[in-house]
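Atom set for the values below is all heavy atoms of this structure, side chains included, hydrogens, waters and symmetry mates excluded.
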Amino acid sequence: MKLEVKVNFDFGKLANAIPEFIKQYTSDYARESAEGSKSIIDSGALQPLGVVAQKMRKNEGFPVAPPLKKTGKLYKSIKQEGDKVQMLAYGLLHNDGHKTHPKSAIPNVDVVARPFIKPVIKTRKKIGANFLKNVRKALRK
């Protein structure tokens with residue numbers, strides 16, 4: 001009796017293609033994270049400003065809402081660059097929360113964390129599904 005095995009996949013082809021798939025995945029994820037971050041800021045879903053911050057904004061002629069969009073500089077700086085999300089450095093401080101610097105205008109104040117850096121979940125699932133589709137396609141002979 002003779003046994004014959006046929007293979008309908010090629011790991012070599014997949015191994016050659018994986019770096020490009022990963023590059024595409026991380027690039028898509030960064031783009032969606034930048035767009036998702038902006039949409040979260042626009043949505044008004046973040047914790048509102050405190051009373052003092054609202055008064056300061058009014059006195060300075062800035063809109064009270066939404067948080068993180070006082071001058072628009074942070075918002076405009078959020079963008080994808082390759083496989084990274086770039087923004088002004090203080091964006092991460094607002095995302096994670098922090099204490100103000102002792103020499104700032106209002107020292108020793110806790111800035112509430114307003115986590116806005118993330119992709120839209122629906123889109124994140126689509127990016128993952130696309131990655132898996134590419135892997136399956138590359139496996140075929």
Separation between [atom1] of [X] and [atom2] of [Y], rounded to the nearest 0.5 Å:
| X | Y | atom1 | atom2 | value |
| --- | --- | --- | --- | --- |
| Leu14 | Arg136 | CG | CZ | 12.0 Å |
| Lys118 | Ser39 | NZ | OG | 10.0 Å |
| Ser33 | Lys84 | OG | NZ | 13.0 Å |
| Ser37 | Asn95 | OG | CG | 7.5 Å |

- [ ] Just jot down the ring pair (Phe, Tyr, Trp, His ring centres under 6.0 Å) partners of Phe62, sequence neighbours excluded, or say none.
- [x]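 Phe62 satisfies ring pair (Phe, Tyr, Trp, His ring centres under 6.0 Å) with no residue once adjacent residues are dropped.
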- [ ] For Ala30, enumerate each residue passing the side chain to side chain contact (heavy atoms under 4.5 Å, CB included) test, keeping only those at least two apart in sequence or located in another chain.
- [x]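 So Ala30 forms a side chain to side chain contact (heavy atoms under 4.5 Å, CB included) with Gln80, Val85.
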Task: For Ala17, side chain to side chain contact (heavy atoms under 4.5 Å, CB included) partners two or more places apart - done: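 If we apply the side chain to side chain contact (heavy atoms under 4.5 Å, CB included) test to Ala17, skipping adjacent residues, the hits are Phe21, Ala138.
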On a heavy-atom basis, which atom in [X] and which in [Y] lie closest, and how many Å separate them?
| X | Y | result |
| --- | --- | --- |
| Leu74 | Gly91 | CD1-CA, 3.6 Å |
| Arg57 | Val64 | NH1-O, 3.3 Å |
| Ile41 | Pro66 | O-CB, 3.5 Å |

- [ ] May I have all residue pairs that pass side chain to side chain donor-acceptor pair (under 3.5 Å) and include part of residues 69-79, sequence neighbours excluded?
- [x]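 Qualifying pairs: Asp42-Lys69, Asp42-Tyr75, Glu60-Lys70.
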Open item on the list: By the side chain to side chain donor-acceptor pair (under 3.5 Å) test, which pairs, at least two apart or in different chains, include something from residues 17-26?
Closed with: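 Side chain to side chain donor-acceptor pair (under 3.5 Å) check on residues 17-26 returns Gln24-Asp28.
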Heavy-atom side-chain contact between [X] and [Y] under 4.5 Å:
| X | Y | value |
| --- | --- | --- |
| Phe131 | Ile127 | no |
| Leu68 | Ile40 | no |
| Ile78 | Phe116 | yes |
| Met87 | Ile117 | yes |

Cluster link [X] to [Y], ILVMFWY, side chain under 4.5 Å:
| X | Y | value |
| --- | --- | --- |
| Val111 | Tyr90 | no |
| Val52 | Leu93 | no |
| Phe11 | Ile18 | yes |
| Leu49 | Val112 | no |

Open item on the list: I'd like to know if the side chain of Arg114 and the backbone of Gln47 have a donor-acceptor N/O pair within less than 3.5 Å.
Closed with: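 Answer holds: yes.
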